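Below you'll find the structure, written out as structure tokens, and then a few comments.
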2 protein chains.
Amino acid sequence: MSSHGKAAAVYHPLAINLAASSSATPCENCGARHLGLCDALSDEELAFFSRAAHRMSLPVGKLLLEEGEPAQHFYNVNAGTVRLFKTLQDGRRQITGFASAGHFIGLASSELNVISAEAVEPVRLCRFSRAGLQALSEDYPALERKLLSLAMHELVLNQEQMLLLGRKTALERIASFLLAWARRQEACATGKLPKPNTRLSLALSRSDLADYLGVTIETVSRSLSHLKNDGLIEIPNTHEIILRRPQALENIAEGAG
Amino acid sequence: MSSHGKAAAVYHPLAINLAASSSATPCENCGARHLGLCDALSDEELAFFSRAAHRMSLPVGKLLLEEGEPAQHFYNVNAGTVRLFKTLQDGRRQITGFASAGHFIGLASSELNVISAEAVEPVRLCRFSRAGLQALSEDYPALERKLLSLAMHELVLNQEQMLLLGRKTALERIASFLLAWARRQEACATGKLPKPNTRLSLALSRSDLADYLGVTIETVSRSLSHLKNDGLIEIPNTHEIILRRPQALENIAEGAG
DNA sequence: CTGCCGCAATGATCCATATCAACAATACGC
DNA sequence: GCGTATTGTTGATATGGATCATTGCGGCAG
């Protein structure tokens with residue numbers, strides 16, 4: 001009931017350019033084949049699973065879930081990034097998470113969607129009907145088990161984020177985010193500290209960052225500048241950040257000193 | 001994959017004072033028999049399930065989970081209230097949720113506990129070893145399915161709370177909390193507005209409230225007074241609050257106007 | 001009944017971050 | 001490659017909520 005996927009799987013050599021046999025699934029060449037949900041399934045299971053999937057590509061800004069609409073689908077992201085968010089009537093927005101390759105979307109829902117989701121980058125994904133997936137889970141208990149494991153992992157991240165939103169200062173939020181994002185990119189399963197000079201590529205805008213961390217874009221900008229001036233990070237360009245002193249970031253993130 | 005328990009079940013007449021037969025489980029008289037996880041199980045399933053449970057009572061303040069310790073158990077609350085929280089090194093605390101009768105504790109964890117849990121009121125609960133529950137779930141798929149459903153429901157609540165912590169004002173937080181707490185007490189499954197003059201009983205201290213809502217106790221106190229002065233609520237005593245104008249509270253909570 | 005103790009309410013002041021306002025850099029259409 | 005639009009940075013000021021301080025209240029031991 002634990003084991004959140006093998007970190008090493010990310011680096012698995014992918015079978016590219018295979019002549020497609022009649023039995024081959026489109027999954028074989030998918031960047032997410034050895035991530036998240038799909039990694040939990042055998043080739044045979046995946047073949048069934050794949051038949052229930054509707055593959056699609058979406059341009060930037062396209063909405064794939066809308067808060068308050070009936071919840072009809074799950075999605076599994078194959079490539080790109082999706083932001084998940086809620087909004088208040090006057091337009092204030094809280095981004096509750098980002099979904100990238102291997103991430104499963106839709107567990108946070110009841111009869112209706114409780115969040116909206118839209119593409120930050122161009123996105124490729126597999127769509128499943130809820131009913132279809134439920135039917136599949138009757139035959140493949142591994143599916144339901146893996147979904148539970150994914151949900152539990154998401155709950156863990158949520159706890160962390162609530163601590164951040166409720167109790168951390170702006171600087172602590174930025175430091176926490178940088179480390180979390182680095183860990184996510186490295187797919188370093190253990191909570192180990194990223195190595196010095198880890199280079200983050202950040203598809204998100206400052207505005208996404210702000211709405212994820214519960215501050216304004218100006219505060220994001222200032223906090224990043226602050227960390228840069230103190231030599232903890234470097235910012236070669238808007239969408240790249242180099243972590244010079246991860247340990248120092250960690251100290252800030254955890255509210256030490 | 002949805003249906004979060006029948007609201008009406010709360011009012012089920014409970015079988016009291018039955019002469020215990022040899023086959024009876026202690027569950028028959030449990031206040032949580034028709035709530036949460038246990039409600040999803042048949043009597044027969046419950047009998048097996050019950051054998052894996054270790055029943056216990058805890059005094060106020062007793063820690064039942066500690067952040068960072070190996071995650072060994074799940075708990076199901078039978079009576080009383082537990083607070084779930086994370087802390088920063090300098091003592092700042094964020095309460096991420098409260099668990100009362102029928103609530104299941106431990107889904108938000110990996111190898112280690114990511115949160116601590118302690119009794120707010122005297123608590124009675126059933127404890128399960130993780131391994132034991134996993135074994136049980138092999139034979140009873142309904143168990144895993146219900147756990148997934150519980151986890152999904154928790155994810156929904158988490159999204160709501162992140163919006164609150166990241167983007168709402170102090171007054172909006174208090175108004176949101178009062179409505180959410182009322183819905184929880186009424187076990188009104190649908191998101192309907194509580195009726196005017198709904199009386200909330202609040203075992204929590206102002207400090208619990210503050211750490212749950214990401215503000216200080218002074219701000220909680222001031223916001224409550226503010227709502228009281230505007231006639232939206234009444235506060236007969238510290239641990240009781242009457243909702244005079246739920247619709248007005250809802251407007252505040254949703255950031256309308 | 002009285003005095004103590006812990007919690008809650010209220011008031012005074014301060015500060016971190018929001019808001020408002022230029023300005024700079026980058027991306028983008030033609 | 002040029003000009004415009006968009007996004008990000010930095011500065012000045014305002015403010016919501018934190019912090020510090022005082023007072024009030026309710027429970028409880030003696």
Side-chain angles (χ1 to χ4, degrees), chain A residues 59-61 83 88 90-95 120-122 164-178 200-230 233-241 252 255, chain B residues 60-61 83 88 90-95 120-121 164-178 200-230 233-241 252 255:
Chain A
V60 169
R83 74 181 140 242
L88 252 17
D90 62 4
R92 276 173 286 170
R93 179 178 73 161
Q94 179 64 39
I95 294 179
V120 175
E121 301 176 278
L164 182 151
L165 292 171
R167 288 303 183 206
K168 290 187 182 179
T169 67
L171 200 64
E172 289 164 357
R173 291 177 198 214
I174 297 290
S176 301
F177 169 79
L178 292 174
L200 295 192
S201 68
L202 207 57
L204 318 175
S205 69
R206 295 294 186 257
S207 157
D208 285 325
L209 224 36
D211 285 350
Y212 181 52
L213 301 178
V215 294
T216 59
I217 51 176
E218 293 93 333
T219 296
V220 169
S221 212
R222 278 186 249 272
S223 301
L224 285 172
S225 297
H226 186 245
L227 292 176
K228 184 180 67 177
N229 294 336
D230 287 2
I233 63 173
E234 219 162 292
I235 311 180
N237 67 69
T238 310
H239 293 289
E240 270 184 304
I241 296 179
I252 292 174
Chain B
V60 169
R83 73 181 143 241
L88 253 16
D90 61 6
R92 276 173 286 171
R93 179 178 74 161
Q94 179 64 39
I95 294 178
V120 175
E121 301 175 278
L164 182 152
L165 292 171
R167 288 302 183 206
K168 290 187 182 177
T169 67
L171 201 64
E172 289 165 356
R173 292 177 197 214
I174 297 289
S176 302
F177 169 79
L178 291 174
L200 296 191
S201 67
L202 207 58
L204 319 175
S205 68
R206 295 294 186 259
S207 157
D208 285 325
L209 225 37
D211 286 349
Y212 181 53
L213 301 177
V215 294
T216 59
I217 51 176
E218 292 94 332
T219 296
V220 169
S221 212
R222 278 187 249 271
S223 302
L224 284 172
S225 296
H226 186 261
L227 292 175
K228 185 182 66 178
N229 294 336
D230 287 2
I233 63 173
E234 219 163 292
I235 310 179
N237 67 70
T238 312
H239 293 290
E240 270 185 305
I241 297 180
I252 293 176

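Nothing here was measured: the structure is a model prediction, and the numbers come from that model.
Comparing B:Leu204 and A:Leu171, the nucleotide of DNA chain C nearest to each residue sits closer to the 5' end for B:Leu204. The nearest heavy atom of DNA chain D to A:Ile217 and to A:Arg167 marks one nucleotide each, and the one closer to the 5' end goes with A:Ile217.
Between B:Ser205 and C:dC7, a side-chain N or O to OP1/OP2 separation shorter than 4.0 Å is absent. Within the 4.0 Å cut-off from OP1 or OP2 of C:dA16, not a single side-chain nitrogen or oxygen of A:Thr169 is found. Taking side-chain N and O atoms only, B:Thr238 has no distance below 4.0 Å to OP1 or OP2 of D:dG26.
Atom CD of A:Glu218 is separated from atom P of D:dA12 by 15 Å (rounded to the nearest Å). Rounded to whole angstrom, the span from the CG atom of B:Leu209 across to the P atom of C:dC7 amounts to 15 Å. At whole-Å resolution of the value, CG in A:Leu213 and C1' in C:dA16 are 16 Å apart. Look at CG on B:Leu224: it is 15 Å from C1' on D:dG17, rounded to the nearest Å. Between the NZ atom of B:Lys228 and the P atom of C:dA9 there is a distance of 7 Å, rounded to whole Å. Rounded to an integer number of Å, the gap from A:His226 NE2 to D:dG11 C1' is 16 Å. Rounded to an integer number of Å, the gap from B:Glu172 CD to D:dG16 C1' is 12 Å. As rounded to whole Å, 8 Å separates atom P of C:dT17 from atom CZ of A:Arg173.
Distances were taken from every side-chain heavy atom of B:Ser225 (C-beta onward) to each of D:dA18, D:dT10, C:dT10; the shortest belongs to C:dT10. You'll find that the side chain of B:Thr216 is closest to D:dT19, out of C:dC20, D:dT19, D:dT9. Side chain of A:Ala170, nearest nucleotide from C:dT17, D:dG8, C:dA8: C:dT17. In this structure, of D:dG8, C:dT19, C:dA18, it is C:dA18 that holds the atom nearest to the side chain of A:Val215.
To the nearest 0.5 Å, the span separating CG on A:Leu202 from CZ on A:Phe177 amounts to 5.0 Å.
Taking the side chain as every heavy atom from C-beta outward, B:Arg206 and B:Leu224 approach each other to under 4.5 Å. In this structure, the side chains of A:Asp90 and B:Arg167 stay at 4.5 Å or more apart for every pair of heavy atoms.
Between the side chain of B:Arg222 and the base of C:dG11, at least one donor-acceptor pair of N or O atoms lies under 3.5 Å.
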Checklist entry - A:Glu172 and A:Leu164: side chain to side chain contact (heavy atoms under 4.5 Å, CB included), yes or no, with the steps? => result CA-CA 8 Å; A:Glu172 289 164 357; A:Leu164 182 151; over 6 Å; no
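When heavy atoms are screened at a 4.0 angstrom cut-off, B:Thr219 is found touching the sugar-phosphate backbone but no base atom.
With A:Ile95 as the fixed residue, the side chain to side chain contact (heavy atoms under 4.5 Å, CB included) test singles out one of A:Leu213, A:Val120, A:Asp211: A:Asp211.
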